[in-house]
Visitor: 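Take a look at the following structure, please.
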Amino acid sequence: MASKLLLVDDDLKLQGLLREYLEGYGFEVESLHDGAGVPQKVAELKPDLVVLDIMLPEKNGLDVLAELRAESKTPVIMLTAKGEDADRIVGLELGADDYLSKPFNPRELLARIRAVMRRAQAEPEDVGREAQDRALRVGGLMLDRARRLLIVEERELELSATEYRIMEALMTRPETVFTRDQLLNAARGRDFMAFDRSVDVHISNLRAKLKAFPRFRKAIKTVWGAGYLLQEIP
């Protein structure tokens, strides 16, 4: 069955070009030209991924993303104006899985769509394996791989696909320093450019979620000049 994409962009020419290009690679593409009806369309269409422009009439893409994240884990790739770092960072903080600056090559968008969908659709290799294999424990933290939740002091924390991959990497090798490139590769795959500072934003998001638990506020440690590590806190 073809993967379904929802493309939201008010540039009708670009919308048409991307639809034709992506359909040529087997995707089923629906499109909207403004942000007003996106949450309803996502609920109706149940797309595998949303490509969402920030600059939209009626309702901007960041507001739309916030609405989506309140009720949906559907992967989202944001389209941002070139050089608009603030929009990119806010989008990641709101839960976007990736971003792409305009203008862009459709081949790069295709690569990012495929990479985001690979990690969003990944399932445990053996759904019948024992619970301890599905649950990754480091001290007082537990990562439920089956449901993709971080469990802290019996509270379940929802993670975006990228946050989950970063946390999984850190918890697989606690007390080990990971460079930003290593975390980027773990979270997004090798389709992406090195030295992408968006890793820092996702680490900040994870720290914000752990902040509610005094014991774990400093669980993710910055190693200056090197990267990040997860401390094993009982």
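Values reported hereafter were calculated over all heavy atoms of this structure, with side chains retained and with hydrogens, waters and symmetry mates removed.
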Visitor: Does the pair R180/D200 count as a salt bridge with the N-to-O cut at 4.0 Å?
Guide: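 So R180 pairs with D200 through a salt bridge.
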Visitor: I'd like to know whether I54 forms a side chain to side chain contact (heavy atoms under 4.5 Å, CB included) with Y99, so could you lay out the CA-CA distance, the side-chain angles of the two residues, the decisive distance to 0.1 Å, and finally the verdict.
Guide: CA-CA 10 Å; I54 285 184; Y99 68 91; over 6 Å; no
Visitor: Do the side chains of Y164 and L229 join up, straight or via other hydrophobic residues, at under 4.5 Å, putting them in one cluster?
Guide: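 No, separate clusters.
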Visitor: Would you indicate whether the side-chain heavy atoms of P47 and L5 approach each other to under 4.5 Å?
Guide: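 No, their side chains stay 4.5 Å or more apart.
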Visitor: Using a strict threshold of under 4.0 Å (side-chain N to carboxylate O), is an ion pair present between K209 and E158?
Guide: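 No salt bridge links E158 with K209.
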Visitor: Could you give the distance from CG (L109) to CZ (R114), rounded to the nearest 0.5 Å?
Guide: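 Taking CG in L109 and CZ in R114, the distance rounds to 11.0 Å.
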Visitor: Quick one: does N205's side chain get under 4.5 Å of H202's, heavy atoms only?
Guide: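 Of all side-chain heavy-atom pairs linking H202 with N205, at least one is under 4.5 Å.
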Visitor: Out of curiosity, S204 OG to L206 CG, how far, rounded to the nearest 0.5 Å?
Guide: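 Going from the OG atom of S204 to the CG atom of L206 covers 9.0 Å.
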Visitor: Once side chain to side chain donor-acceptor pair (under 3.5 Å) is applied, do any residues pair with D144, and if so which ones, sequence neighbours excluded?
Guide: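 D144 satisfies side chain to side chain donor-acceptor pair (under 3.5 Å) with R147 only.
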Visitor: I'd like to know if the side chain of R19 reaches the main chain of V29, judged simply by a donor and an acceptor atom lying under 3.5 Å from each other, with no hydrogens or angles considered.
Guide: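 It does hold such a pair.
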Visitor: At their closest point, which heavy atom of M171 faces which heavy atom of V138, and how far apart are they?
Guide: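 Between these two residues, the closest heavy atoms are O-CG2, 3.2 Å.
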Visitor: Can you spot which of D10, V8, N60 makes a side-chain contact (heavy atoms from CB on, under 4.5 Å) with D53?
Guide: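 One option only clears the test, and that one is D10.
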Visitor: Can you check whether L210 reaches L150 side chain to side chain, under 4.5 Å on heavy atoms?
Guide: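 Yes, close enough: below the 4.5 Å cut-off.
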Visitor: For the residue pair T172 and R145, what are the closest heavy atoms and their distance?
Guide: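 What the structure gives for the nearest pair is OG1-NH2, 4.0 Å.
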Visitor: CG of L17 to CG of L12: how many Å apart, nearest 0.5 Å?
Guide: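 So the gap between those two atoms works out to 11.0 Å.
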Visitor: Check whether any side-chain heavy atom of L157 lies under 4.5 Å from a side-chain heavy atom of L149, and answer yes or no.
Guide: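 They are not in side-chain contact.
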Visitor: Can you tell me if CZ on R155 sees more than 12 non-hydrogen neighbours from other groups inside 6.0 Å?
Guide: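 Count not over threshold, so no.
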Visitor: Looking at E232, is its backbone amide N or carbonyl O close enough to the side chain of E175 to form a donor-acceptor pair, meaning the two atoms are under 3.5 Å apart?
Guide: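 Indeed, once roles are kept as given, a pair shorter than 3.5 Å links the two residues.
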Visitor: Distance check, rounded to the nearest 0.5 Å: R165 atom CZ versus L183 atom CG?
Guide: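 So the gap between those two atoms works out to 13.5 Å.
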Visitor: I want to check something: taking the side chain as every heavy atom from C-beta on, are L65 and M78 in contact at a cut-off of under 4.5 Å?
Guide: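 Heavy-atom side-chain distance check passes, below 4.5 Å.
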Visitor: Might you work through the side chain to side chain contact (heavy atoms under 4.5 Å, CB included) test for L49 and I77, ending with a clear yes or no?
Guide: CA-CA 8 Å; L49 183 140; I77 295 177; 4.1 Å; yes
Visitor: Is E108 reaching over with its side chain to a backbone N or O of N105, donor-acceptor style, under 3.5 angstrom?
Guide: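 The answer is no, because no donor-acceptor pair under 3.5 Å joins these two groups.
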Visitor: I'd like to know if the side chain of S160 pairs up with that of T162 as donor and acceptor (distance under 3.5 Å, no hydrogens or angles considered).
Guide: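 The criterion, which ignores hydrogens and geometry beyond distance, is not satisfied for T162 and S160.
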Visitor: Can you pull the ring pair (Phe, Tyr, Trp, His ring centres under 6.0 Å) pairs that have at least one residue in residues 21-71, sequence neighbours excluded?
Guide: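 Output for this query lists Y21-Y25.
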Visitor: Any idea which heavy atoms bring T74 and V42 closest together, and the distance?
Guide: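 Between these two residues, the closest heavy atoms are OG1-CG1, 4.0 Å.
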Visitor: L170 and F178: which non-hydrogen atoms are nearest, and at how many Å?
Guide: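 Heavy atoms only, the tightest pair is CD2-CD1, 3.8 Å.
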Visitor: Hey, quick one: are L136 and L159 part of the same hydrophobic cluster, counting side-chain heavy atoms closer than 4.5 Å, chains of contacts allowed?
Guide: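 Shared cluster, yes.
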Visitor: If we ignore hydrogens and angles and just use 3.5 Å, is the side chain of E156 paired with the main-chain N or O of I151 as donor and acceptor?
Guide: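 Side chain of E156 to backbone of I151: no pair is present.
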Visitor: So, taking the atom named OH in Y228 and the one named CD1 in I220, what distance separates them when rounded to the nearest 0.5 Å?
Guide: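 Nearest 0.5 Å value for the OH-CD1 distance: 9.5 Å.
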Visitor: Heavy-atom distance under 4.5 Å between the side chains of L79 and L52, does that happen here?
Guide: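 They are not in contact (no side-chain heavy atoms under 4.5 Å apart), so the answer is no.
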Visitor: Please tell me if the side chains of E23 and E28 come closer than 4.5 Å, counting only heavy atoms from C-beta onward.
Guide: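 Result no, sub-4.5 Å side-chain heavy-atom pair not found.
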Visitor: Go through the structure and list residues passing side chain to side chain donor-acceptor pair (under 3.5 Å) with R207, not counting sequence neighbours.
Guide: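 Checked R207 against side chain to side chain donor-acceptor pair (under 3.5 Å); matches are T222.
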Visitor: Between E67 and V38, is the side chain to side chain contact (heavy atoms under 4.5 Å, CB included) condition met? List the steps.
Guide: CA-CA 9 Å; E67 290 182 3; V38 175; over 6 Å; no
Visitor: In Å and rounded to the nearest 0.5 Å, what is the CE to CZ distance from M142 to R137?
Guide: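 Here the rounded value is 5.0 Å.
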Visitor: Taking all atoms of both residues into account, what is the closest heavy-atom pair of K46 and K4, and its distance?
Guide: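 Taking every non-hydrogen atom into account, O-CE, 3.7 Å.
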Visitor: Can you see which heavy atom on V116 is nearest to which on P75, and at what distance?
Guide: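 Residues V116 and P75, closest heavy atoms: CG1-CB, 3.5 Å.
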Visitor: Between D97 and R69 (salt bridge meaning N to carboxylate O under 4.0 Å), is one present in this structure?
Guide: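 Answer for the salt bridge query: yes.
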Visitor: With a sphere of 6.0 Å drawn around CD of E20, does it hold more than 12 non-hydrogen atoms of other residues, nucleotides or ligands?
Guide: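 For E20, atom CD is not crowded (no more than 12 foreign heavy atoms under 6.0 Å).
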Visitor: In the structure I gave you, are the side-chain heavy atoms of L32 and L56 within less than 4.5 Å of one another anywhere?
Guide: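 No - every pair of side-chain heavy atoms lies 4.5 Å or more apart.
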Visitor: Quick one, L141 with L230, criterion side chain to side chain contact (heavy atoms under 4.5 Å, CB included). Give me CA distance, side-chain angles, the key distance, then yes/no.
Guide: CA-CA 10 Å; L141 299 175; L230 181 71; 4.1 Å; yes
